[in-house]
Amino acid sequence: MKLAYFNQVADRIGLETHAREAVWLMEIDGMPSHYAARQMDMPQAKVSLAHARFMRALRQTTVLPTDTGH
């Protein structure tokens with residue numbers, strides 16, 4: 001995922017700076033939520049919630065191809 005697209009989705013849901021960085025660590029660096037929370041000095045519940053919000057927004061903005069029957 002490109003940074004510009006990540007930021008567009010994060011802006012859409014109003015992710016705060018630290019939460020945005022934690023979600024980036026999870027999505028791009030593949031870091032588990034508890035490590036991202038520790039890295040950003042945030043409660044794990046807040047990081048998990050931010051990630052869930054980001055993923056929900058990402059699914060809503062991504063257009064999936066439909067079956068055209070060909």
Side-chain angles (χ1 to χ4, degrees):
M1 175 182 311
K2 293 187 177 189
L3 179 59
Y5 185 66
F6 176 89
N7 282 329
Q8 181 182 12
V9 174
D11 287 343
R12 180 172 290 149
I13 62 172
L15 275 185
E16 299 171 356
T17 302
H18 279 83
R20 182 180 300 227
E21 291 174 13
V23 172
W24 178 266
L25 290 172
M26 292 173 67
E27 280 301 302
I28 306 304
D29 295 341
M31 191 177 286
S33 63
H34 61 281
Y35 288 131
R38 188 179 311 155
Q39 180 78 20
M40 298 309 302
D41 195 27
M42 296 174 62
Q44 185 177 354
K46 186 171 182 177
V47 171
S48 294
L49 179 61
H51 186 249
R53 288 179 55 221
F54 179 84
M55 294 306 293
R56 188 171 33 253
L58 186 62
R59 283 191 300 273
Q60 292 172 350
T61 60
T62 303
V63 177
L64 300 175
T66 59
D67 183 8
T68 59
H70 292 106

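Taking the side chain as every heavy atom from C-beta outward, V47 and M26 approach each other to under 4.5 Å. Counting heavy atoms from C-beta on, the side chains of L25 and Q39 come closer than 4.5 Å. F6 has its side chain within reach of R20: a pair of non-hydrogen atoms, C-beta onward, lies under 4.5 Å apart. Between L58 and Y5, the closest side-chain pair of non-hydrogen atoms falls below 4.5 Å.
When all heavy atoms of M55 and E27 are compared, the closest pair comes out as SD-OE2, 3.4 Å. Residue W24 comes nearest to M1 through the heavy atom pair CH2-O, 4.5 Å, listed as atom of the first residue, atom of the second, then distance.
Here the straight-line distance linking atom CG of L15 with atom CD of E21 works out to 11.0 Å at 0.5 Å rounding.
In this structure, the side-chain hydrogen bond (donor to acceptor under 3.5 Å, both in side chains) partners of Q44, at least two apart in sequence or on a different chain, are S33.
Linking ILVMFWY residues whenever their side-chain heavy atoms come closer than 4.5 Å, directly or via other members, leaves I28 and M40 in distinct clusters. In the hydrophobic clustering of ILVMFWY residues, with side-chain heavy atoms under 4.5 Å counting as a link, L49 and V23 come out apart.
Although no hydrogens or angles enter the test, the distance criterion places a donor-acceptor pair under 3.5 Å between the side chain of R53 and the main chain of I13.
Ion pairing between E16 and K46 holds under the 4.0 Å rule for side-chain N and carboxylate O.
By the neighbour-count criterion of 12 heavy atoms within 6.0 Å, atom CG of D41 is sparsely surrounded, having that number or fewer from other residues, nucleotides or ligands.
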